[in-house]
Amino acid sequence: MADHPKSVFVLTGAGISAESGLGTFRDAGGIWATFDPMTLATPEAFARDPETVQAFYNARRQNLVAAEPNPAHRALARLEAGLAARGGSLTLVTQNIDDLHERAGHREVLHMHGELLKARCASCEAVVEARADLSTADSCGTCGRTGGMRPHVVWFGEIPFHLDAIEERLMAADLFVAIGTSGAVYPAAGLVGAARQAGIATREINLEPSDNAYLFDEADYGRASEAVPRWVEAMLGG
Ligand code: OAD
């Protein structure tokens, strides 16, 4: 790893929010171990059974509103400010649809899988804040159509957001760090390989080795609430 990286690119996944009480997907007892994503997280599922899809995301939204950021989210916000103060930068790309990075004080977050606290009209694409339950009776304030207000999240078969900005920022980085992600879902899972090919140093912070563990130069296995603050203090203190 470079001694004093100036341009750091961090990718986070569900593991960083696990200690805030939000479920991960692929661990034992995880969300996709309990629920079938094909009936809940695809455009076809929403077209077939919108009430069931809304109920699933309404329950997740209620959990999120009651959750708090943990020391890992707060440490990354300190890193963003600390790197900026020394003329560097942090790009934070998250696969998470929660807002815990923002609530920890992070200024810029690229949500590649969307945001649970927003709704989007399936007809006209208007995006609005959504902190309360969504229902099939909701109508769009922009186009007026009823029944198409869906969570502003990326479902299986849909293209993630911000892909051009993500590639551009990654290629400008001198350190890539993946935190709390199993490395199972593309294109996010491909970022470490792209970083490596471009000669960028890579580090993994996760509870256990991810599917891509062999692609990282360095790894720190432990709980995000401990491992992330430890790494951030080393970065800012060094
Ligand atoms: P996963 O559930 O696949 O992986 C979470 C990772 O976090 C696992 O490798 C765990 O070992 C690790 N983990 C669990 N608790 C942790 C802790 N306290 N500290 C550190 N690490 C911990 O979640 P993601 O990789 O984020 O997409 O999943 C990627 C995407 O798959 C999600 O964004 C979602 C899902 O389908 C969509 O819904 C489109």
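Ligands are counted one by one from 1 in listed order, and the atoms in each one are counted from 1 as well.
A distance of 10.5 Å separates CD in Glu80 from NE2 in His101, rounded to the nearest 0.5 Å.
For residues 180-190, every residue pair satisfying the side-chain hydrogen bond (donor to acceptor under 3.5 Å, both in side chains) rule, not counting sequence neighbours, is listed here: Gln95-Thr181. Among residue pairs with one or both ends in residues 30-39, none qualify as side-chain hydrogen bond (donor to acceptor under 3.5 Å, both in side chains); sequence neighbours excluded.
Classification of Lys6 and Asp174 as a salt-bridged pair fails, no side-chain N sitting under 4.0 Å from a carboxylate O. A salt bridge does not link Arg60 with Asp98: every distance from a Lys NZ or Arg NE/NH1/NH2 to an Asp or Glu carboxylate oxygen is 4.0 Å or more.
Every residue meeting the side chain to side chain contact (heavy atoms under 4.5 Å, CB included) condition with Asp49, not counting sequence neighbours, appears here in chain and number order: Glu51, Thr52.
Protein residues with a heavy atom under 4.0 Å from ligand 1 are Gly13, Ala14, Gly15, Ala18, Glu19, Thr24, Phe25, Arg26, Asp27, Trp32, Gln95, His113, Val154, Phe156, Gly180, Thr181, Ser182, Val185, Asn206, Leu207, Glu208, Gly222, Arg223, Ala224.
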